[in-house]
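Since the structure comes first, as structure tokens, the remarks are kept for the end.
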Amino acid sequence: MSLQRTSFLTTAIDYTNGSPHIGHAYEKVLADVMSRYLRLRGKPVYFLTGVDQHGQKVQASAQKAGTDPETFVAEKTERFVSLWAKLGVAYDGWAATTDLRHQRVVQAILQRLYDEGQLYKSEYQGFYSVRQEQFLTDKERGPDGEFGPEWGEVVEIEEANYYFRLKEHGPWLIGLLDKRPDLVYPASRQQELRNAVERLGEDLCISRPKDRLSWGIPFPFDPEYVTFVWFDALVNYISFAGYLKEEVGTPKPGEQDLPTFEELWPPLAHVIGKDILIPAHGVYWYIMLHALGFSDDQMPPLLVHGFWNSGGARMSKSVGNVADPHVLADQYGAEAVRYFLSRDISTGQDADFSEDRLVQRFNTDLANDLGNLLNRTLNMAGRYREGRLRAVPMTHASLQGLADELHQLPAVVGKAFDGWRIHEGLEAIIRLVSRCNGVVDELAPWKLAKDPEAAELLDEVLYALAEALRIFSVLLSPVIPRAAEKMLTQLGCPAKPEWSDAVWRGEVDTWLLGEPEPVFPRILGEEEIARNAQSPKNSKKKGV
Ligand code: MSP
């Protein structure tokens, strides 16, 4: 038996100085959909995500809230953990950077790099952005010679710190990007990164004096300093994957056991947003790994997704255009949120978030098309065949055409998902769902049911529709797992499918379908609710 490599997927770990917004939810759903898809295809997967809990911003936010950083991050972390549970984001590993085992790995790495001369101490006099927790050089000045508003409060400081010899690895990184042109997806981001590396000017300051920042990982060889938050956070990808596991100790009771590093590394992808490619992942992280002795083949591919904006503008708390995924999931359900975030963006591009579009997508694709097809198919099968179907050959041209397309659908969807083009796979599925509804309208099974001569054609139609629904449920299960499970159960099929179930079955003796129960109740607007006051059941209320 050939040994299958585990597909290791990670996402950025979310800052706990704020609460989760729709951008965080998108990234986790994207990685979760991909993990579920790979599992469905029979591949072992390890999905790691978590929270970034240290840093000056957290320290400042805690202080402002009149509490200590531990209490502050515990409360914020809970907001993320409960959101992932609500949205069905099923991760295998949880990376919280205050975990002592992670801290020990960061310290071991610092010690090693220090011993090998990759770190040095130096006096710095210059400007520092409090908001970005970063030292500024003239490169960061705008055309007017000033530091722009993106840097927030800029202060002049003079202090000694530890630096990582970033600059000397620049030529290696250029070589790597040339050697591995597919390291960063999409290709335009790889080009952007290459341009940035060519301009690489400074080494990286990786320490902060303890008197200025206490909420961080102490330096092992100089306790007067704590680790710069990025140097700490990036290490999560290896520390929680089992790197240096033996050196940093075994888990305590109740602690999650860490995986075996060699089985996971290199990952299939680090899933990150476009704002943290340069310099954090594209420059700091690759160079950190290189300095630690990781080979070029072990460099992790980066999957760089776009941003969800709002009304064409970047979402920001101060503008007040941030969508809260907790509220959306409570109001419309997790499947509606997952479906929208998967369907309305093309991976790598930006998209515009709107609650109305979320509702529209759900109602059009899931309630009107898919839900309706499920409902009418189960109803007709119940009424005309007592819910019992069997495989019959397709003789009608429309049904043959449909069966042909269904036959090709898994390959189409698989190709799209393999390339992270989730929206394209969904589009192909929903197109065929509509076609099924078209076939129902065309062949009018309710008329066939009245004609004894048409009994065989009716068997064909019902079998084709039920088969189609079964295949759709399997293929949709990575995106809307809970709904897919309900659909499969109503169809009288195993609720936990495999990819190979998504094939048209030529032989089925007796197939007993279940009762229809609404899986995608239409989301109603205020006016519709007023209009439908007589029959409000099976509908969700749309928010104002
Ligand atoms: N803590 C760092 C990452 C450290 S990874 C070693 C961080 N956190 S974050 O909370 O600001 O962002 C987490 C992820 O959410 C990032 O990948 C970021 O790009 C993504 N997004 C933040 N806003 C977003 C949108 N509006 N849209 C899509 N993704 C967005 O950066």
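Atoms within each ligand, like the ligands themselves, are counted from 1 in listed order.
Between the Thr6 side chain and the Phe8 main chain, no donor and acceptor come within less than 3.5 Å of each other. No side-chain donor-acceptor contact under 3.5 Å links Arg208 to the backbone of Thr227. In this structure, Ser239 contributes its side chain and His102 its backbone to no donor-acceptor pair below 3.5 Å. At least one donor-acceptor pair closer than 3.5 Å links the side chain of Ser129 to the backbone N or O of Gln132.
Closer than 4.0 angstrom to ligand 1 by heavy atom are Ala12, Ile13, Asp14, Tyr15, His21, Gly23, His24, Glu27, Asp52, Trp230, Ala233, Leu234, Asn236, Tyr237, Ile272, Gly273, Asp275, Ile276, His281, His305, Gly306, Phe307, Trp308, sorted by chain and number.
A ring pair (Phe, Tyr, Trp, His ring centres under 6.0 Å) with Tyr120 is found for exactly one of Phe164, Tyr163, Tyr114, namely Tyr163.
The side-chain contact (heavy atoms from CB on, under 4.5 Å) check on His21 picks up His24, Val322, with sequence neighbours excluded.
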